[in-house]
There are 2 protein chains.
Amino acid sequence: MANKKRTTLKDIANELNISPAAVSKAMHDDSRISDKTKKEVERVAKELNYQPNHLASALRKGKSHLVGVIVPRTNSNFFSSVIEQMEAVLDKAGYNIIITQSNESFKKECKNIDTLLYTQVDGIIASMANETVDLSHYEKIKSNGIPLILFDRGENDLNVDYVGINDYDSSQIIVAHLVEKGCKRIAHIGGYRRTRIFNNRIKGYVDALEKHNLPIDDSLIIESSLTLEDGRNEMLKLLKLKDRPDAVYVASDYAALGALQILNEENINVPNDIRLVGFGNEPFTSLVNPSITSVAQHSKDIGRLAAERFLNLVSQDDLKQSLNKIILDAELIIRDSSK
Amino acid sequence: MANKKRTTLKDIANELNISPAAVSKAMHDDSRISDKTKKEVERVAKELNYQPNHLASALRKGKSHLVGVIVPRTNSNFFSSVIEQMEAVLDKAGYNIIITQSNESFKKECKNIDTLLYTQVDGIIASMANETVDLSHYEKIKSNGIPLILFDRGENDLNVDYVGINDYDSSQIIVAHLVEKGCKRIAHIGGYRRTRIFNNRIKGYVDALEKHNLPIDDSLIIESSLTLEDGRNEMLKLLKLKDRPDAVYVASDYAALGALQILNEENINVPNDIRLVGFGNEPFTSLVNPSITSVAQHSKDIGRLAAERFLNLVSQDDLKQSLNKIILDAELIIRDSSK
DNA sequence: TATATTTGCTTAATCGATTAAGCAAATATA
DNA sequence: TATATTTGCTTAATCGATTAAGCAAATATA
């Protein structure tokens with residue numbers, strides 16, 4: 001059973017004493033094949049448990065109908081929700097997706113791109129690893145002549161389509177919210193400036209402080225990888241400052257959670273002593289105590305829009321990509337940590 | 001730039017006035033090709049930015065060096081950690097993985113299997129969707145003659161390799177722990193019995209109650225899909241019982257979290273009024289208030305072992321699969337919710 | 001020096017599915 | 001009835017990489 005050879009078009013053709021070409025056409029419902037033959041082909045195909053060989057047809061047609069997806073990690077609600085939507089949209093158009101994760105590693109990301117190109121995907125939708133600065137591996141995708149769409153963590157320099165939220169505005173909204181609650185010393189535990197979205201969040205934060213006539217204190221602006229551990233460490237450092245902040249805006253929910261753990265451990269009341277805001281609206285933000293105010297990133301829209309951009313691009317005969325940004329407004333979800 | 005054709009072996013061959021066969025051999029470091037030719041091939045390949053066409057070589061060799069992975073969801077720490085380990089092991093052996101998610105849907109799972117078979121993967125490593133009862137789509141994998149390895153949510157009837165933890169014993173350990181803490185009415189919010197692992201957890205729970213001379217009360221045994229929402233709903237029902245439980249063992253951390261939310265909302269003290277135990281050791285169990293006692297599932301070992309089983313199976317000339325279980329001991333991580 | 005072996009390639013077939021071109025029979029049209 | 005068109009296929013080439021078989025030149029061995 002397990003050892004028998006795969007059924008090919010030729011096997012069906014031999015069974016029916018017709019040519020493989022006729023079988024292929026029958027399967028694709030060609031108008032020049034008789035209904036009788038089509039029915040017989042269908043019957044024998046089922047009988048022999050025929051499974052088309054994707055490698056062969058993809059090779060011949062020059063299209064694999066596979067889309068590669070690269071994400072930093074799959075175990076965040078944001079990315080898995082984005083992927084779910086992409087899958088839904090692409091599935092309808094006859095595309096399947098291959099998900100790879102970079103684990104935030106530059107090296108892994110390069111390897112993933114090689115794998116995807118090697119697998120002959122028809123396009124790549126990616127969100128960059130934290131470590132990524134050099135973009136030559138992404139250029140490789142472009143020079144392969146297949147569409148590249150970036151989401152969330154993108155780069156203008158690549159001159160490709162991008163779907164994401166307005167990070168700059170999000171920071172402005174967060175600071176405005178905290179100021180409204182009476183906060184005067186707002187710290188920011190952010191990502192690294194080299195990553196565009198985190199740079200934008202920092203800029204938004206700084207500009208918002210100025211707008212509200214609050215002084216900018218470099219000791220309150222921290223760059224990190226935004227892991228839970230980073231959140232703990234950086235929060236501890238902030239607490240050791242002579243002049244403690246009365247609010248902390250953290251650019252990731254995971255790091256915000258780390259910060260909250262420290263605050264709870266040190267018996268600092270949130271929100272009364274220090275207000276806390278995260279970013280990403282991960283499900284756990286509403287589950288922890290106190291629940292964490294955060295920014296919803298419209299993951300479903302991002303997934304859908306990125307997939308639609310891909311479909312739009314593959315339908316073009318002559319692929320010409322350029323910087324084409326779709327920026328969605330983010331939404332502040334206010335919870336107990338800043339009330 | 002984007003529109004130029006891919007470089008093929010033939011292009012390199014033409015450039016050097018040798019045959020494509022020689023180029024292919026040079027690339028594979030064949031001993032019958034001169035060092036001079038090898039170097040020239042390497043140079044021209046780089047010059048023309050040659051990328052081998054995986055479809056062609058896979059078609060010719062009959063091996064795609066791709067492994068399909070099917071998980072219910074990727075956004076749980078358990079599954080993404082399992083996948084990370086698989087990737088690490090398979091990568092070393094020259095295999096790449098394609099991750100698909102069933103979203104706990106039977107229909108989606110069938111579709112995923114079709115996609116993977118169609119993509120000519122060399123094997124499939126899967127964990128079943130909650131909905132799955134009919135196994136014919138999995139039989140299709142077997143009849144394709146490629147290895148199938150199940151992990152976590154498996155089925156004996158398929159007679160293939162399985163890697164998972166000892167669910168029965170885990171339940172026993174949990175009940176013993178709760179009994180030791182003085183609990184007398186232990187409820188169980190479990191999964192559906194049709195899923196083997198959940199059935200084992202229920203059996204382990206029932207047998208453990210008997211062992212400790214506690215009565216078995218059907219109103220305290222609940223089957224559900226174990227989502228967070230299910231946890232909330234079932235917990236509410238348990239609280240409405242005349243004779244409330246003094247402990248709840250939930251077969252998933254997500255549902256346990258839902259249960260905890262209700263308990264917190266109803267101002268029921270955990271662990272003093274009701275003790276709570278989850279399953280899976282998801283990171284948030286240590287983050288919520290109170291932290292949730294849970295069972296660590298050794299995701300890394302499971303991922304590694306499943307990948308190793310695959311490698312072992314593909315290396316066999318004559319694939320013969322049989323029920324071959326690797327059962328790991330789980331570990332109870334005691335936290336505040338049951339202290 | 002004559003034969004055997006090794007080296008370094010080429011030739012041609014192959015993996016399956018697809019498709020342009022073409023052909024004979026059946027049918028439609030003038 | 002003669003020609004045109006349609007129907008229902010077949011033939012042969014193709015997508016790129018790989019490999020068995022083979023051949024001529026170079027080198028080794030007797």
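Computed from a predicted model, the values in this text were never measured in an experiment. Chain letters run A, B, ... following the sequence lines, proteins first, then strands; residues in each count from 1.
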Q | I12(B) and its side chain to side chain contact (heavy atoms under 4.5 Å, CB included) partner, picked from E40(B), M27(B), E42(B) | A | M27(B)

Q: Quick one: pull up CG in N49(A) and CD in E47(A) and give me the separation to the nearest 0.5 Å.
A: 11.0 Å

Q.
Below the 4.0 Å mark, does dG16(D) have OP1 or OP2 next to a side-chain nitrogen or oxygen of Y118(A)?
A. no

Q.
Students often mix this up, so state it plainly: with edges at 30° and 60°, are the rings of F151(B) and F78(B) parallel, tilted or perpendicular?
A. tilted

Q) More than 12 foreign heavy atoms under 6.0 Å from NZ of K107(A): is that the case here? A) no

Q: Take the angle between the ring planes of F106(A) and H137(A) and call it parallel below 30°, perpendicular above 60°, tilted in between.
A: perpendicular

Q.
Whole angstroms only, please: what is the CD-C1' distance between Q120(B) and dC15(C)?
A. 11 Å

(Q) Using side-chain contact (heavy atoms from CB on, under 4.5 Å), reason through L313(A) and I149(A) one step at a time and then give a plain yes or no. (A) CA-CA 9 Å; L313(A) 288 167; I149(A) 293 99; 3.9 Å; yes

Q: Provide, to the nearest angstrom, the distance between the CG atom belonging to D11(A) and the C1' atom belonging to dG16(C).
A: 10 Å

Q: Give the rounded distance in Å between these two atoms: CG of L59(B) and P of dG16(D).
A: 12 Å

**Q.** Separation of atom CE in M27(A) from atom P in dA17(C), rounded to whole Å
**A.** 8 Å

Q: Mind checking which stems touch DNA chain C? I mean at least 3 consecutive Watson-Crick or G-U pairs, both distances under 3.5 Å.
A: C:1-30 with D:1-30

Q: Map K10(B) and R60(A) onto DNA chain D by nearest heavy atom, then report which one ends up closer to the 5' terminus.
A: R60(A)

Review item, nucleotides 9-11 of chain C N/O atoms under 3.5 Å of protein N/O:
unit_1, atom_1, unit_2, atom_2, d
dC9(C), OP1, T37(B), OG1, 3.1
dC9(C), OP2, S34(B), N, 3.0
dC9(C), OP2, S34(B), OG, 2.6
dC9(C), OP2, T37(B), OG1, 2.7
dT10(C), OP1, S19(B), N, 3.2
dT10(C), OP2, S19(B), N, 2.7
dT10(C), OP2, S19(B), OG, 2.5
dT10(C), O4, K25(B), NZ, 2.7

Q) Does the side chain of S24(A) get closer than 4.0 angstrom to OP1 or OP2 of dT18(C) through an N or O atom? A) yes

Q: Would you mind reading off the distance between N53(B) atom CG and dT18(D) atom P, rounded to a whole angstrom?
A: 10 Å

Q. Is the cationic atom of R309(B) (NZ for Lys, CZ for Arg) positioned less than 6.0 Å from the six-membered ring centroid of Y162(B) and within 45 degrees of its normal?
A. no

Q: Could you tell me the separation between the CG atom of D30(A) and the C1' atom of dT18(C), rounded to a whole number of Å?
A: 11 Å

Q. Whole Å only: how far is the CG atom of L117(A) from the P atom of dG16(D)?
A. 16 Å

**Q.** Under-4.0 Å salt bridge between D161(B) and K325(B)
**A.** no

Q: Would you mind reading off the distance between L9(B) atom CG and dT18(D) atom C1', rounded to a whole angstrom?
A: 9 Å

Q: Only one of T100(A), T115(A), N112(A) passes side-chain hydrogen bond (donor to acceptor under 3.5 Å, both in side chains) with N96(B); say which it is.
A: T115(A)

